[in-house]
Amino acid sequence: MAVADFVKSAGESFRVGWKIESNWTDPVLFATYQVIRPLASLLIVAFIVIIGASVGASANSAFYSQYLAWLIVGNAFYAFVLQIMLGMAILVHVDRTRYEVLKNIYISPGTLHPYVIGRGLVSVVNGAVSVILTLLFSVAIFNGLLHMNIPLNLLGVNLLMLFPGVILGIISLLAIGYMLCAVNIVSNRMEFILGDSVSGIFFLLGGVIFPIALLPSYVQPISNVLPITFLLNTVRESFGLLPTGDYMTDLAYLALTTLVTLIVGIAVFRLAEQRAKKLGLFDRKSEY
Amino acid sequence: MKRDLSIETKSLRRLFKGIPGKGDVVALDQVDLEVHDDEIFGLLGPNGAGKTTLIKILCTLLLPTEGQALIKGMDVVKRASQIRRIINLVSGGETPGYGILSVKENLWFFSQLYGLPRDFAKDRISKLVDQLELQDYLNTRMSKLSTGYKQRLNLARGFVNDPAVLFLDEPTLGLDVLSARHLRTLVKDWIRTGGKTVLLTTHYMAEADQMCDRVGIINRGKVLACDTPQRLKTKVTGGATWKIEITPSLSELESVKSIPGVIGLSTTDNIETGVTTLKLVLEEESIMSDLLSKIRENGSKVLNLGKSEPTLEDVYISLVGTGME
C-alpha cells in the first residue's frame, strides 16, 4: 500500500474513532469523563501522602512538596498509558462483535494496520486532553485551593526536553497497544481485562506513584526495561523534578526500548493476523 | 493464467478442528469451480454446506488447507494485497458500519480505506446514494435505519470501490419482498456495466433462479452440480417431479424417503390448514403407486396430486436428497 493511501486510511480511521469516542455526549461532559479517572486516582494517592506526612508533622516540608509534584506529573502523564491501553485493548472486540466491520476493514487494501494506528491516535489525543486537564486541575487544587506551594510551574516546562520523550513514549505505547489488538484478534475472552491488567502493571512498575528504587529488587529489572519508566523520567526531567537524572541517558533508553517494543509489536501483530487467517477469526463473535 | 476467469478454485480443501476425539470437520472438499467475467454465479446449499467458508477464502479472510483459489488469476494466499483492491464483500443480516455514524460518514470511511481520491469518492458516493435510494437518509445515523435500508447501505459499501468481483453472502437475508427485489435489480444492473463478477450465496431458490447465470449446488463441502439453472432443471427432468398435498403430515417421513426410486423429497407444512406439501423427484412414474400406499400406511390422506415443472428447488432436492428448509 502506498504511503499516501496508508496515511489517508489512518487519518480516516482517526476521524471515525474520534467521532465514535467523543460524539456520544457534549464536549463538557466528554472533557469531564477524560479527566475524572486520572484526577480521582491522583487525588487518592496525593491525599494519602498528605495525610501520612501530616501525621509525621512534615506536610509542608520541601521533600513532600517535591514528591507531590513528582507524583502529579507521573499521574498526569500516565493518562497516555491508560487511554492507549484501554482504548486499543477493546478496539478489535468492539469492531468485530458490535459493529461487525472488522472483516470488511481487513479485506480493504491496507488491512488492519492504518486502521489500528488511526484508532490508536484517538487514544493519544484523549490521553493528551487528560494530561493537560489533570495538570491544570492539580495546580488549581493543590496550589490554588490548598495553598501547598508545590513546585509545579507549568509555564517553566522545557518543551525541547518534553516533546522528544513524549513522542517516543507514545510510539512505544502504540506498539504495546498493537500487541493488545493482536491478542484480541486471536482471543475473544480477554478484551475486558487486558487493558486494565497491562496498564495496572505499568502503574505499579513504571515509576508512576513511587520511585523504582523503592520496589523489591527482583522486580526492578522489569521496571528498567519498560518504556513508561523512561518516558516518565524524561517528562519529570523536563519539568525540573528529577535533579539527579540524566536526560540524555533516559532518552536513549527510551529510544531503545521503543524500538524493541515496536519491532515486537509489529511481529506479534503479524503472527496474530496469520493465525486469524488460518483459523478464520476475523468475523468471530464473542459467545457471551 | 486464464484471463477470462474471475474466480477459479482448484482442488480447494478446508478443514476445521472439530470436537476433541471426533476428528476434523471438512468444510470444503476438493472444490473445483470456475466463474467467468460478467457472470452472476450462485452457490446454493444448506447451512454448514461450505458456502461462507468458500467466500471467506476467496475474500482473503481465511487460508485454504489445500488446493488453490484464484481471483483474476491471482492466488488468494500469495497475492492477497492485490486482490483486496478489486474485491468487496456484502454479508446479509450484518451491521453495515458504525451505528453512531451517518450513512454518508460510513460510506466515506470505507471509500477512504480504498484510497479513493476525494472528489472521485464524493462522486461515487453520490451516485450510489441515488441508485440505492438513500438520499433521504444521507445524514441519518446508521443505527436509526430500518433493516432494509441498512442492507442498502451494506450494498453501497460493497460497491464503493467499484470491485471487479463482488461477493454477496446471503444479501437478502431478513429483507422484505420489495427490498429484496430492489436489491436484486441493483445487482443485475450493476453487472451489466461490464467487467464485473458476482458470487452469490443464497438460501432462496427463486433468487438464484432469477439472478444467476450459473448455479453451483454445494453440500457437505462438495460441489454436486454446476450449470445454468435451465440446464440443471433439464437434467432433473430425466426423472419426474411431483407435488402431493396430504393431511395430516407423515408420521414416518423416512419410510417414504427410503422407497427405491425416490431421488429426493422435501416437505412444507402449512400450520393453519394442516396441509403438508411433499415435493418429490422420482426416478420414474411407476413408483407412484408404492408411494401412495406408503402415504396411506402412514395414516395420511392425499388431497391433491400433480406433476410439476422442475424448479431449481427440485434440482436441489434431487442432488442433496432433501429440501433447504
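These numbers come from a predicted model, not from an experiment. So you know, we letter chains A, B, ... as the sequences are listed, proteins then strands, and number each from 1.
- Geometrically, Arg14(B) engages Phe16(B) in a cation-pi contact, judged by NZ or CZ lying under 6.0 Å from the ring centre and within 45° of the ring axis.
- If you measure heavy-atom distances from Ser91(B) to chain A, the contacts under 4.5 Å come from the side chain alone.
- In this structure, chain B has heavy atoms under 4.5 Å from both the backbone and the side chain of Ile105(A).
- Within a 6.0 Å sphere centred on CZ of Phe269(A), heavy atoms belonging to other residues, nucleotides or ligands number more than 12.
- Looking at Leu89(B), both its backbone and its side chain come within 4.5 Å of chain A, counting heavy atoms on both sides.
- Between Lys196(B) and the choices Val165(B), Asp162(B), Leu166(B), Val187(B), the side-chain contact (heavy atoms from CB on, under 4.5 Å) rule is met once, by Asp162(B).
- With a threshold of 4.5 angstrom between heavy atoms, Phe282(A) approaches chain B through side-chain atoms but not through N, CA, C or O.
- Ring planes of Phe14(A) and Trp18(A): parallel class, angle under 30° (limits at 30 and 60°).
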Go through Glu12(A) and Arg15(A) one step at a time and tell me if the salt bridge (charged side-chain N to carboxylate O under 4.0 Å, His left out) criterion holds.
CA-CA 5 Å; Glu12(A) 196 55 33; Arg15(A) 201 182 67 81; 2.8 Å; yes
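- Here Ser108(A) is the residue among Ser108(A), Gly280(A), Gly118(A), Ala10(A) with the most heavy-atom pairs under 4.5 Å with chain B.
- Figure legend: Arg157(B) and Phe109(B) shown without cation-pi pairing, the cationic atom not lying both under 6.0 angstrom from the six-membered ring centre and within 45 degrees of its axis.
- The greatest number of non-hydrogen atom pairs below 4.5 Å with chain B, out of Asp95(A), Leu281(A), Val94(A), is found for Asp95(A).
- Put simply, of Gly97(B), Ser81(B), Cys59(B), the one with the most heavy-atom pairs under 4.5 Å next to chain A is Gly97(B).
- In this structure, chain A has no heavy atom under 4.5 Å from any part of Ile83(B).
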